[in-house]
Amino acid sequence: MNDKTSPKRDADASADSKYRGTLNMPDTPFPMRGDLPKREPGWVKDWNDGGLYMRLREARKGAPLFVLHDGPPYANGQIHMGHAVNKVLKDMIVKSRQLAGFDAQYIPGWDCHGLPIENAIEKKHGRNLSRDEMQAKSRAYATEQIELQRGDFKRLGVLGDWERPYRTMDPANEAGQIRAFKRVIERGFVYRGLKPVCWCFDCGSSLAEFEIEYADKKSDTLDVAFESNDAAGLAKAFGLDALPAGKTAFAIIWTTTAWTLPANQALNAHPELEYALVDTPKGVLLLGASLVEKCLERFGLEGHVLATAKGEALRGQVFRHPLYDLPDSGNEYSYRRLSPLYLADYVSDADGTGVVHSAPAYGVDDFNSCVAHGLKYDQILNPVLGNGVYAAELPLFGGQHIWKACPVIIETLRAHGRLMATQAITHSYPHCWRHKTPVIYRAAAQWFVRMDEGEGVFTKDKAPQTLRQMALAAIDHTGFYPENGQARLRDMIANRPDWCISRQRSWGVPLPFFLHKDSGELHPRTMEILDQAADIVQQGGIEAWSRVTVEEILGSADAPHYTKSSDILEVWFDSGSTFQHVLRGSHAHAYPNGAFHAQGPEADLYLEGHDQHRGWFHSSLLLGCALYGRAPYKGLLTHGFTVDSQGRKMSKSLGNGIDPQDVSKKLGAEIIRLWVAASDYSGDIAGDDKILARVIDAYRRIRNTLRFLLANTSDFNPDTDAVPATQLLEIDRYALARAAELQAEILKHFDAYEFHPVVSRLQVYCSEDLGAFYLDVLKDRLYTTAPKSLARRSAQTALWQITHAMLRWMAPFLSFTAEEAWATFAREKSSGSIFTETYWPFATPNEALLAKWARIRAIRDTANKEIEALRGTGAVGASLQATLTITAGADDAALLRSLGDDLKFVTITSAVTVVDGDELKVTVSPSTAVKCERCWHYRDDVGADTAHPTICGRCVSNLQGSGELRTVA
């Protein structure tokens, strides 16, 4: 508020005046101080005890649905500020849609299965728990964590069906997941295969692409020599009669994974690359022609090229394992084996040697190349066990962990004369996003969801397109907020491999399969068994299936020949399928028939952090397409991570995080909400104590404006006191037009799920449109005119409508404050909550009126600058002590004269004269009149009435007569 005429200053300065009691001083029980940390818990309790969420449902019964399907946070650990940002954003969107007239349901959910919970249990109870013990303790732990997180989310002011959330570990949802899995099988997408998959030793399980992050890792590079098994044949491939006498030929490979060399089974070269045979003191070396100079420098050798040839000419060449000369161990891992050279397009000459060593168990490209060239699955060597230790039978290195074995392997190669060079490097390497430890590719028999053409198991209703084709098409029909999310998700879908959906753990939804002990084939009644498993799980949870024996399902005849799978579905299948059994199943009561697309459940919006393009958004899209051929959402909204003011991601290790619980206790959850709303979530969201201090200042400005509105409408009864629109003073009609114009902008932002522009516009509106202009002009009329005069009631009519509108604009993000103010403002007319209301129905704004007053405000700003300049000299004090002469062109002069005598109220001066001229000019001079003790205007008629020698004629009229006539302001 303009400090020169603030309500507090008015009251204080008039304290000793006998006319103070004649002023309409503002009054409201709405306190200036929010005292948020103390008062917010009371609102949370009232909302919970009063069943506010269900009252909102009743208020919107039959209205169009808006469904924001909750991406389930993991039920593990106290919520952090990233959780708070996510939940507050969701709450703001749901509330803004509720105020727009939608039945905006919010069913919160939790992700309950998977490794993080198993890890927490293992840390507390050890790693030797039985499956039954692990499941029981995991369920109890997840239940406990959900209760803690639920309390924190409610404390943030998030409204939802907290008494009936969904949990992926609810038996109905576990059963629904099995049924969804069966449908994916029927559509032809599921198969079992041996493939290298990302494997974490700490998890003891395969990982999805979504569970991988990249971080720097120190490794040793190796250039290793593979001796030719047919030197004459190699010479011939290069058009030579023979190699130099006495020289041995070697193919040289370069790798950063020394641990894979014991499992080498082939070499690969590119058919179109040029290769060279190079004569050196250490033998004749096969190298990529473009890399010869770099390689020789690395090896510390001199040499010259004997001949060159395309990689195609090397087809059929065979080389010996680098440790070939070791005695035969007599088992499958013996190094006395040959490595055929295959041709593969993935080989490059960008670095290394142009020849790639292939351990098919530990690389996708290597695996595909070897299998394509005829290597059988049962011939693939896989000596690395699930815990990262080599099998005991592996010669030289058996029983050692692969990371510790690397230097031993290097020294062994050196001792056998096969190490050409080695050096330490730091490079980007895949890590487990839970344990932050390096992962490897490791071949394992797993269950996959196929992205491209191929045959699935038990297909009976094959999808008309591949999963990749359907997913890419669905992306084109999805709205993205911000838009760049579309390209990101599209790239991930376009390039992703088949989805490995099996995990070797205990706490999760089972893959209820029975595999033949000899052939590995599924039992012929598998589809019936899936239905049976779902029914069992629905009755007793996954624990009930764990207790089921092979004999109980298959009968005594088949049981001896089959083994029960102990694999579970990976957790992304859990959360990715929630749309199926939550929107259509466990919470169908919230989503009446007809609410969704005829071809399957469809939420209006999914909202998560941008990392979920490779997580929940991704798995939900694949499962939506696998089940229904379409995405389960109309729109995807992504937000950034929480970072400090230096852009560093908040973390416990850096000590740069801000804890939502601490902020709520010290400042109030409302400050978190306003911070989230004021931040551009399309990028990372910065927060620290200084940033929150600025948010507190913004909150105070908004609250003070709101308090002024409430105080000046406290005696206004809209049923008896409202002034018809046609009788409102012109500036009041302008104020309503400006509010309507602003509301249109705000609602447009709300429709696009944008909040920071709303907060920015609201702050400007409070400080500029209201505080620095309209309310500043209005104070004289509100305080000095007769309480029930048209002039005052016109102002109050406008303020009453503006307050209605502003409370609704604020409510999605300043929920506690809006609800507190609503209790004061609506009084006995209140429906009990601002959230049962809808946006205020303003009339269409008058564009001509808006344009007229925009120009008047611009002229007023010019006048204020001149007044401030004179105040700086001490010639005048408050602006009311000034008189103005405004010289203006014809249009501006006509505009100003249309305000009549009310022009002085608009400029908050005691007198204004308008003079015709060529350009705008404002002259300010001190008033020579006397100051009225009651209204503070400087007027010549002060004391004209001897009964009131210290006040002006208009104040006398307002007190005893018919009251002054106001037409404009």
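- The distance between the ring centers of Phe755 and Phe750 falls below 6.0 angstrom.
- Taking the salt bridge (charged side-chain N to carboxylate O under 4.0 Å, His left out) definition, one finds that Asp659 meets it with nothing, sequence neighbours left out.
- Judged purely by atom type and a 3.5 angstrom limit, Gln145 uses its side chain to pair as donor or acceptor with the backbone of Gly77.
- With salt bridges taken as basic N to acidic carboxylate O contacts below 4.0 Å, one links Arg703 and Glu820.
- The ring pair (Phe, Tyr, Trp, His ring centres under 6.0 Å) pairs that include a residue from residues 69-95 are His69-Tyr166, His69-Tyr606, His69-Trp616, His80-His83, where partners are two or more places apart or lie in different chains.
- Side-chain atoms of Ser679 never come within 3.5 Å of backbone atoms of Tyr681 as a donor-acceptor pair (strictly under, hydrogens ignored).
- Judged by distance alone, the side chain of Asp170 and the main-chain N or O of Ala172 form no donor-acceptor pair under 3.5 Å.
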Distance-only donor-acceptor pairs under 3.5 Å for side chains of residues 686-694, two or more places apart:
residue	atom	partner	partner atom	Å
Asp688	OD1	Lys690	N	3.1
Asp688	OD1	Ile691	N	2.9
Asp688	OD2	Ser645	OG	2.8

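- Judged as a salt bridge (charged side-chain N to carboxylate O under 4.0 Å, His left out), and not counting sequence neighbours, the contacts of Asp535 are Arg179.
- Remark: Tyr429 engages His427 in a ring-ring contact (aromatic ring centres under 6.0 Å, His included) (not counting sequence neighbours).
- Pairs of residues two or more places apart, or lying in two chains, that qualify as salt bridge (Lys or Arg N to Asp or Glu O under 4.0 Å) and include a residue from residues 80-94 are Asp70-Lys87, Asp70-Lys90, Lys90-Glu608, Asp91-Lys95, Asp91-Arg673.
- Residues satisfying the ring-ring contact (aromatic ring centres under 6.0 Å, His included) test with Trp447, not counting sequence neighbours, are Phe513.
- With sequence neighbours left out, the salt bridge (charged side-chain N to carboxylate O under 4.0 Å, His left out) criterion links Lys137 to no other residue.
- Sequence neighbours left out, the pairs with a member in residues 105-128 that pass salt bridge (Lys or Arg N to Asp or Glu O under 4.0 Å) are Glu118-Arg505, Glu122-Arg127, Glu122-Arg505.
- For Asp662 and Lys665, the salt-bridge test fails: no basic side-chain N is under 4.0 Å from an acidic carboxylate O.
- Salt bridge annotation for Asp103-Arg57: present, with a cationic side-chain nitrogen under 4.0 angstrom from a carboxylate oxygen.
- Tyr141 pairs by the ring-ring contact (aromatic ring centres under 6.0 Å, His included) definition with nothing, not counting sequence neighbours.
- Annotation: ring-ring contact (aromatic ring centres under 6.0 Å, His included) contacts of His610 (sequence neighbours excluded): Phe641.
- Taking Glu754 as the reference, nothing meets the salt bridge (charged side-chain N to carboxylate O under 4.0 Å, His left out) condition, with sequence neighbours excluded.
- Using a 30° and 60° split on the angle between ring planes, Phe573 and Phe181 fall in the perpendicular class, above 60°.
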